[in-house]
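We're numbering straight along the sequence, starting at 1. What you see is a predicted model; the values in this text were computed from it and never measured.
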Amino acid sequence: MDIKAILMGLAFAAMWSSAFTSARVIVEYAPPLSALALRFFISGLLGVMIAFALGQSAKLTPRQWTGVLIFGLCQNALYLGLNFVAMQTVPASLAAIIASTMPLLVALVGWVVFGTKVRPLGLAGLVAGVIGVALIMGARLQGGVDPFGLLLCVIGVVSLTVATLAVMGAASGGNVLMIVGLQMLVGATILAGPALMLEDWVVTWNWQLIVAFVYTTLIPGLAATWVWFMLVGRIGAVKASTFHFLNPFLGVAIAALLLGEAIGVLDIIGVVIIAGGILAVQLSKQPVAP
């Protein structure tokens, strides 16, 4: 792994983890589904326009179109939509921790459902991940976290896991930024209906909302997704996924720093165990040296 790939991975992890803090700010002042649909619409248009300016084509392969539709539904509409709704009552740090377990769920489903061979190190990582999540969930439930919001976060990460398993390799073949833009437009289209039916457009305009919305639209929304696809194209999905082990740390740290969210001892222990589990699972997927 070269230095450019390492910097790309670190940048992706930081941008991905910061999204929960900025989303928590947005839902405090604006209806969650409406704000998210608008964010996807703007990010998608920008992505498509920049892609056209770079000479990329909207003529995608059938596999790429499958990836656009599945990611638009499962990642954007379900995963992020449910998280935005949940973060009206759930702390950003907890939402980030739950979402960061996605690599563990991908490995678990691959092992249980598809019969993917998992090495002992990977099995140890899965066990560690379950223990870490149990510690955090137990502590947060005793502390009075909203069970419904917690359930939405769990359903959201399951949706993201399904999307990840369904479209592995769908970004190959070029037109990366076009794919990113189109899957965001799909997400905006799907979310528009529920937003119009279920929400009133009541917004408390202030600088915090504006900064959080612009940041979320451009950085986690567009830049992080583009960097991720480029990173996967550069070093492959297995090596790129190793950077996910940073997400629990960064998600909790950013929420504590910018929002002042309280972090307990069990949270810290759980985050360390989950991060170690994610790293173990990803390292177990690396090819064995001859």
- Could you walk me through whether Gln88 and Val85 pass the side-chain contact (heavy atoms from CB on, under 4.5 Å) test, one step at a time? CA-CA 6 Å; Gln88 294 176 109; Val85 173; 3.8 Å; yes
- Message: For a quick test of reading the model, state the closest non-hydrogen atom pair linking Ala256 to Ile263 and the distance between them.
- Response: CB-CG1, 4.0 Å
- With a 4.5 Å limit on heavy-atom distance, are the side chains of Leu266 and Ile136 in contact? no
- Task: Count the heavy atoms of every other residue, nucleotide or ligand shown that sit under 6.0 Å from OH of Tyr215, and state whether that count exceeds 12.
- Result: yes
- Minimum heavy-atom distance between Val157 and Thr101, given as atom pair plus value: CG2-OG1, 4.0 Å
- Could you tell me whether the side chain of Thr217 and the main chain of Arg39 form a donor-acceptor pair under 3.5 Å? no
- Task: Under the side-chain contact (heavy atoms from CB on, under 4.5 Å) rule, what do Leu73 and Val186 come out as? Steps first, then yes or no, please.
- Result: CA-CA 7 Å; Leu73 171 62; Val186 170; 5.6 Å; no
- Spatial distance of atom CG (Leu108) from atom OG1 (Thr161) [nearest 0.5 Å]: 9.5 Å
- Message: Students often mix this up, so state it plainly: with edges at 30° and 60°, are the rings of Phe20 and Trp16 parallel, tilted or perpendicular?
- Response: perpendicular
- Task: Report the distance from atom CD1 of Ile274 to atom CG of Leu279, rounding to the nearest 0.5 Å.
- Result: 13.5 Å
- Query: For Met184 and Val48, what are the C-alpha separation, side-chain angles and deciding distance, and is it a side-chain contact (heavy atoms from CB on, under 4.5 Å)?
  - Reply: CA-CA 10 Å; Met184 288 182 179; Val48 170; over 6 Å; no
- Query: When hydrophobic residues are tied together by side-chain contacts of less than 4.5 Å, even through go-betweens, does Val130 share a cluster with Leu126?
  - Reply: no
- With distance as the sole test, does Thr61 use its side chain to make a donor-acceptor pair with the main-chain N or O of Gln64 at under 3.5 Å? yes
- Would you say the side-chain atoms of Ser284 pair up with the backbone N or O of Val281, donor to acceptor, closer than 3.5 Å? yes
- Query: How many angstroms lie between atom CE of Met102 and atom CG of Leu160, to the nearest 0.5 angstrom?
  - Reply: 4.5 Å
- Message: So for atom CH2, which belongs to Trp207, do other residues, nucleotides or ligands contribute more than 12 heavy atoms lying within a distance under 6.0 Å?
- Response: no
- Message: To the nearest 0.5 Å, what is the distance between CE on Met15 and CG on Leu250?
- Response: 11.5 Å
- Taking atom CD of Glu261 and atom OG of Ser93, what is their separation to the nearest 0.5 Å? 4.0 Å
- Task: Flag yes if Ile273 and Val252 sit in one hydrophobic cluster, no otherwise; membership is Ile, Leu, Val, Met, Phe, Trp, Tyr, and two members link when side-chain heavy atoms are under 4.5 Å apart.
- Result: no
- Item | Donor-acceptor contact below 3.5 Å, side chain Glu199 vs main chain Ser34 | yes
- Thr89-Asp146 side chain donor-acceptor pair, cut-off 3.5 Å: yes
- Is there a path from Phe40 to Met197 through hydrophobic residues (I, L, V, M, F, W, Y) whose side chains come within less than 4.5 Å of each other? no
- Query: Checking Arg24 side chain against Met87 main chain: does a donor-acceptor pair fall under 3.5 Å?
  - Reply: yes
For residues 76-84, tabulate all N or O donor-acceptor pairs below 3.5 Å that involve a side-chain atom, not counting sequence neighbours.
| from | atom 1 | to | atom 2 | distance (Å) |
| --- | --- | --- | --- | --- |
| Asn76 | ND2 | Gln183 | O | 2.8 |
| Asn76 | ND2 | Gln183 | OE1 | 2.5 |
| Asn83 | ND2 | Tyr79 | O | 2.8 |

- Looking only at non-hydrogen atoms, find the nearest pair between Ala192 and Ala37 and report the distance. N-CB, 4.4 Å
- Query: Is it true that Leu60 and Phe52 fall in one hydrophobic cluster, defined by side-chain heavy atoms closer than 4.5 Å?
  - Reply: yes
- Looking only at heavy atoms, the pair that brings Ala163 and Phe71 closest together is O-CE1, 4.1 Å
- Task: Indicate if Val203 and Val214 have the same hydrophobic cluster label, given that clusters are the connected sets of ILVMFWY residues with side-chain heavy-atom separations under 4.5 angstrom.
- Result: yes
- Yes or no on side-chain contact (heavy atoms from CB on, under 4.5 Å) for Leu231 and Phe243, after CA distance, side-chain angles and deciding distance? CA-CA 10 Å; Leu231 181 63; Phe243 289 98; 4.1 Å; yes
- Query: For the side chain of Asn206 and the backbone of Gln208, is there at least one donor-acceptor N/O pair under 3.5 Å apart?
  - Reply: yes
- Task: Return the minimal non-hydrogen interatomic distance between Cys74 and Val162, and the atom names on each side.
- Result: SG-CG1, 4.4 Å
- State, yes or no, whether a side-chain contact exists between Val25 and Leu259 at a heavy-atom distance under 4.5 Å. yes
- Flag side-chain contact, heavy atom, 4.5 Å: Ile98 against Leu150: yes
- Task: Report the distance from atom CD1 of Ile3 to atom CE of Met8, rounding to the nearest 0.5 Å.
- Result: 12.5 Å
- Note on the structure: Closest non-hydrogen atoms of Val145 and Pro91, given as atom of the first, atom of the second and distance, are CG2-CD, 4.2 Å
